[in-house]
Amino acid sequence: MTEQDCLFCKIVSGEVPADVVRETDRTIAFRDINPQAPTHVLVIPRDHHPTAAALAARDGDLLAEIVREAHQVAVAEGIEETGYRVVFNTGPGAGQTVFHVHAHVLGGRGLGWPPG
């Protein structure tokens, strides 16, 4: 997949619509179209990085910003106090289907362990 084919790059550019809940200069957060919990928001960098591992190697500060934004989503969605999960799926074996790093912010219901 190239950046031109990347669904999330198309969301960042406005080519594909999304239900955006937060934006910063470097990130955008929007509702997942296939939610797995009452709150299911994706936080992505505006720049294309295929996986969390690739982003960590290239720009750890941006990865930290994504995690901070995930927390801000939880606060805005009212799930900060009851608990929430932040998930990065890295690679196809972990369930990553869009190869533009993204954090899933999940909450609003009990989240069992182990996951999936």
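One-based numbering along the sequence shown. Values reported hereafter were calculated over all heavy atoms of this structure, with side chains retained and with hydrogens, waters and symmetry mates removed.
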Engineer: Any side-chain heavy atom of I44 sitting closer than 4.5 Å to one from V101?
Structural biologist: no
Engineer: What's the spacing between T27 OG1 and L62 CG if we round to 0.5 Å?
Structural biologist: 8.0 Å
Engineer: Mind listing the closest non-hydrogen atom pair of A103 and V86 along with its distance?
Structural biologist: CB-CG1, 4.0 Å
Engineer: Got L106 and T39 here, is their nearest side-chain heavy-atom distance under 4.5 Å?
Structural biologist: no
Engineer: Is a side-chain N or O of Q4 found less than 3.5 angstrom from the main chain of C6, in a donor-acceptor match?
Structural biologist: no
Engineer: Is it true that atom CZ of R58 has more than 12 heavy atoms of other residues, nucleotides or ligands lying nearer than 6.0 Å?
Structural biologist: no
Engineer: Starting from I66, can I reach V98 by hopping between I/L/V/M/F/W/Y residues whose side chains sit under 4.5 Å apart?
Structural biologist: no
Engineer: Quick check: closest heavy atoms across A18 and I11, and the distance to 0.1 Å?
Structural biologist: CB-CG2, 3.7 Å
Engineer: Decide whether T24 and E65 meet the rule of one side-chain donor and one side-chain acceptor closer than 3.5 Å.
Structural biologist: yes
Engineer: Can you find a pair of side-chain heavy atoms, one from V87 and one from V105, that are under 4.5 Å apart?
Structural biologist: no
Engineer: Can any side-chain N or O of Q96 pair as donor or acceptor with the backbone N or O of G91 at less than 3.5 Å?
Structural biologist: yes
Engineer: Which residues pass the salt bridge (charged side-chain N to carboxylate O under 4.0 Å, His left out) test with D47, not counting sequence neighbours?
Structural biologist: none
Engineer: How close do A37 and G107 get, heavy atom to heavy atom, and via which atoms?
Structural biologist: CB-O, 3.5 Å
Engineer: As an exercise, state the distance from CG of L7 to CZ of F99, rounded to the nearest 0.5 Å.
Structural biologist: 13.0 Å
Engineer: Should V73 and F88 be regarded as members of a common hydrophobic cluster, given that ILVMFWY residues are connected when their side-chain heavy atoms come within less than 4.5 Å of each other, either directly or indirectly?
Structural biologist: yes
Engineer: Do you know which two heavy atoms are closest between H40 and N34, and how far apart they sit?
Structural biologist: ND1-O, 4.0 Å
Engineer: Going by salt bridge (charged side-chain N to carboxylate O under 4.0 Å, His left out), name the residues that satisfy it together with D61, two or more places apart in sequence or in a different chain.
Structural biologist: none
Engineer: Give every residue pair that meets the salt bridge (Lys or Arg N to Asp or Glu O under 4.0 Å) criterion with at least one member in residues 69-79, sequence neighbours excluded.
Structural biologist: R22-E69, R31-E77
Engineer: V43 and A29: which non-hydrogen atoms are nearest, and at how many Å?
Structural biologist: CG2-CB, 4.0 Å
Engineer: Which atom pair, heavy atoms only, marks the closest approach of A54 to T51?
Structural biologist: N-OG1, 3.0 Å
Engineer: Please check this pair: side chain of E81 against backbone of I79, looking for a donor-acceptor N/O pair closer than 3.5 Å.
Structural biologist: no
Engineer: Heavy atoms, side chains only, cut-off 4.5 Å: are V12 and I28 in contact?
Structural biologist: yes
Engineer: Strictly distance-based, threshold 3.5 Å: is any side-chain N or O of R85 a donor or acceptor partner for the main-chain N or O of L111?
Structural biologist: yes
Engineer: Keeping to residues at least two apart or across chains, list the ring-ring contact (aromatic ring centres under 6.0 Å, His included) pairs with something in residues 19-39.
Structural biologist: F8-F30
Engineer: Is it the case that the side chains of H49 and H100 hold a donor-acceptor pair, with the cut-off being a distance below 3.5 Å and no angle test?
Structural biologist: no
Engineer: Side-chain contact test, heavy atoms from C-beta onward, threshold under 4.5 Å: evaluate it for R46 versus E23 and give yes or no.
Structural biologist: yes
Engineer: Taking side-chain contact (heavy atoms from CB on, under 4.5 Å) as the definition, give me every residue that meets it alongside A76, ordered by chain and number, with sequence neighbours left out.
Structural biologist: none
Engineer: Tell me which pairs pass ring-ring contact (aromatic ring centres under 6.0 Å, His included) where either residue lies in residues 51-83, with sequence neighbours left out.
Structural biologist: none
